[in-house]
Q: 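For reference, the structure I am asking about is given below.
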Number of protein chains: 2
Amino acid sequence: MKSKPFIDKIRDQNRLTLARALSKIENRDPVSRQIISDIFSYVGQAQVWGITGPPGAGKSSLVNHLIKTVRKKNKTIAVIAVDPSSPFSGGAVLGDRIRMQEHFSDDGVFIRSIGTRGHQGGLSHSTREAVLVLDAAGFDVILVETAGVGQTELDVMKLAQTVVVVLVPESGDSIQVMKSGLMEIADVFVVNKSDRPQADRLVRELVIMTQMGEHDSSEWKIPIHKTQGVKGVGVEEVAQSIEAHQENLKKSNKKERIYEEFLKAEILDILHEDLIENFNKLVSSESGKKILFDLKNKKIDPYQAFKLFKEKLV
Amino acid sequence: MKSKPFIDKIRDQNRLTLARALSKIENRDPVSRQIISDIFSYVGQAQVWGITGPPGAGKSSLVNHLIKTVRKKNKTIAVIAVDPSSPFSGGAVLGDRIRMQEHFSDDGVFIRSIGTRGHQGGLSHSTREAVLVLDAAGFDVILVETAGVGQTELDVMKLAQTVVVVLVPESGDSIQVMKSGLMEIADVFVVNKSDRPQADRLVRELVIMTQMGEHDSSEWKIPIHKTQGVKGVGVEEVAQSIEAHQENLKKSNKKERIYEEFLKAEILDILHEDLIENFNKLVSSESGKKILFDLKNKKIDPYQAFKLFKEKLV
């Protein structure tokens, strides 16, 4: 993979090159370091949106309609569907396939899913580097969608500039939203399947809760939208709110702060990956085995073992 | 917290001392290092059981009956209920409270829940150190229960010697079990709510799948139990299988290997915690800010920034 033609193909949004680069990143192939170095001078232009919410909230159909609103404005969009949850809760991959079919012939749409198994802490790392590549490729919008609302999903959402939280009346009341940590990360709320009973109650509760959270009058006021994702009802308004939030970020210098956090998290993830790699080497070396032996035999305790390991780690 | 009286109280299973020690560990209070050092010479006696499965599988009532079978043998048991999932999927805390009431007056039972929010990668670390403390306290059995089946739950289950995977017919077919990673970690399967339709089909599928997985005739044959957790039907047999698996571990030296992995994971988690602490210090120092500034301005790329950070990290 030579530098010059590779970056040109990325900049051309060559589908095969993009897919291969993202696979290398997802598999944590050593070559992914070179990929990031190669593309880094082109990043920083894209809008990064995050869409999250509990399973069954209808995120897939909502995303599908958001893609259409972006394309109507002649902007390009890349979607990363992150599925960190187990097969017991998710339908992301299926939704993904359906969307892929619909947008297959459209050069302005790129859809990719990032799986979960074996990733452990590395899922947000892979997703972040995928965002960097798609940003460098020149997509106007990068939409990161997660299925489920666990800690992994919250971590992934940290890399988005604008986070849309999708709820349905059935997903419970606003107290659950507060407990789940979604309240802290939401820039836009969507109450989907809003033709169902209890939708208005959820909207009212969210209105009260978002007002409670506003300490500063200059801060962004979290809009709450009612949608019917399958039909696309209300999606245009969601897109407008996202744009408004992006404008607000630019004006308030928050966009720069978000980018700084993005880069900090990237450095920390690389450090972590490097730590695991070196730890695995050390633990199977003679000196590593000796420390472990002493720990097993209680000559030392875990924190003493840690200090000995740390000294030996390069 | 002086060393001598503290460890005596832990060894006496003093409820207040245990609760405080576990809170320090859960909050990653710096004093938890001292706690682990103080108790470490007493660890290594307890059986560590893990119970996991998709939400709604009825783990709580099953655990409740397992507690009773352990108590009937005059053994003591400590339960750690780990709830890494969001409030949208879990009822662990409620189940926990119900059990707490029932066993409140029994000195041979200790129940503790470990929450999730803000823990990020640290949940399995906290749980592992909680196991160490309860092991040193002399509980015969430590039962770690997780709600849900995401990556975090799989990580937590790594610290158990015997893993019981609880399923219900509604949780789907065996293909989903395979995809979820539960197949690899199960030592005992339980099909709960087995009076429901499709229970026998799930059992048959599991039988085929566990047979497929057996490469070595000397290996443990994964038993599959049908239970009705609420009534306690079949729970005695599950307890017998757990005991049989523990015997098998001892005979085959696997118990020692599991303990080694437990200790390795503990060292790596401490190294990781130390990395985050030092990274946060460095990133707010002048030299850290300079690197970040250069990265933001694309004078360097993330992997160059990582190298500069690594050089400066103590």
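Numbers restart at 1 for each chain; the letters A, B, ... are given by sequence-line order, proteins then strands.
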Q: Looking at chain A, which one of B/Y259, B/F40, B/Y303 has the largest number of heavy-atom pairs inside 4.5 Å, strictly under?
A: B/Y303
Q: Keeping the roles fixed (side chain from B/K298, backbone from A/V43), state whether a donor-acceptor pair exists under 3.5 Å.
A: yes
Q: Would you say B/K310's side chain and A/D274's backbone share a donor-acceptor pair under 3.5 angstrom?
A: no
Q: Please look at A/F306 and chain B and tell me whether the side chain, the backbone, both or neither of the residue comes under 4.5 angstrom of a heavy atom of that chain.
A: both
Q: Does any heavy atom of chain B fall under 4.5 Å from the side chain of A/L313, the backbone, both, or neither of them?
A: side chain
Q: So which part of A/E129 gets closer than 4.5 Å to some heavy atom of chain B, the side chain, the backbone, both or neither?
A: side chain
Q: Within the structure provided, determine whether A/E266 and B/L295 are in side-chain contact (heavy-atom separation under 4.5 Å).
A: no
Q: CG of A/D301 to CZ of B/R33: how many Å apart, nearest 0.5 Å?
A: 10.5 Å
Q: Using a cut-off of under 4.5 Å for heavy-atom pairs, which of A/I36, A/L268, A/V283 has the most such pairs with chain B?
A: A/L268
Q: Atom NZ of A/K264 and atom OG of B/S284: how far apart are they, to the nearest 0.5 Å?
A: 7.0 Å
Q: Need one label for A/N297: side chain, backbone, both or neither, based on atoms under 4.5 Å from any heavy atom in chain B.
A: neither
Q: I'd like to know which of A/K296, A/E256, A/K307, A/Q304 tops the heavy-atom pair count under 4.5 Å against chain B.
A: A/K296
Q: Less than 4.5 Å apart, side chain to side chain, heavy atoms only: is that true for B/I267 and A/P302?
A: no
Q: Measure distances from A/Y42 to the heavy atoms of chain B and classify the residue's part below 4.5 Å as side chain, backbone, both or neither.
A: backbone
Q: Determine whether B/I276 and A/H272 make a side-chain contact, defined as any pair of heavy atoms from C-beta on separated by less than 4.5 Å.
A: no
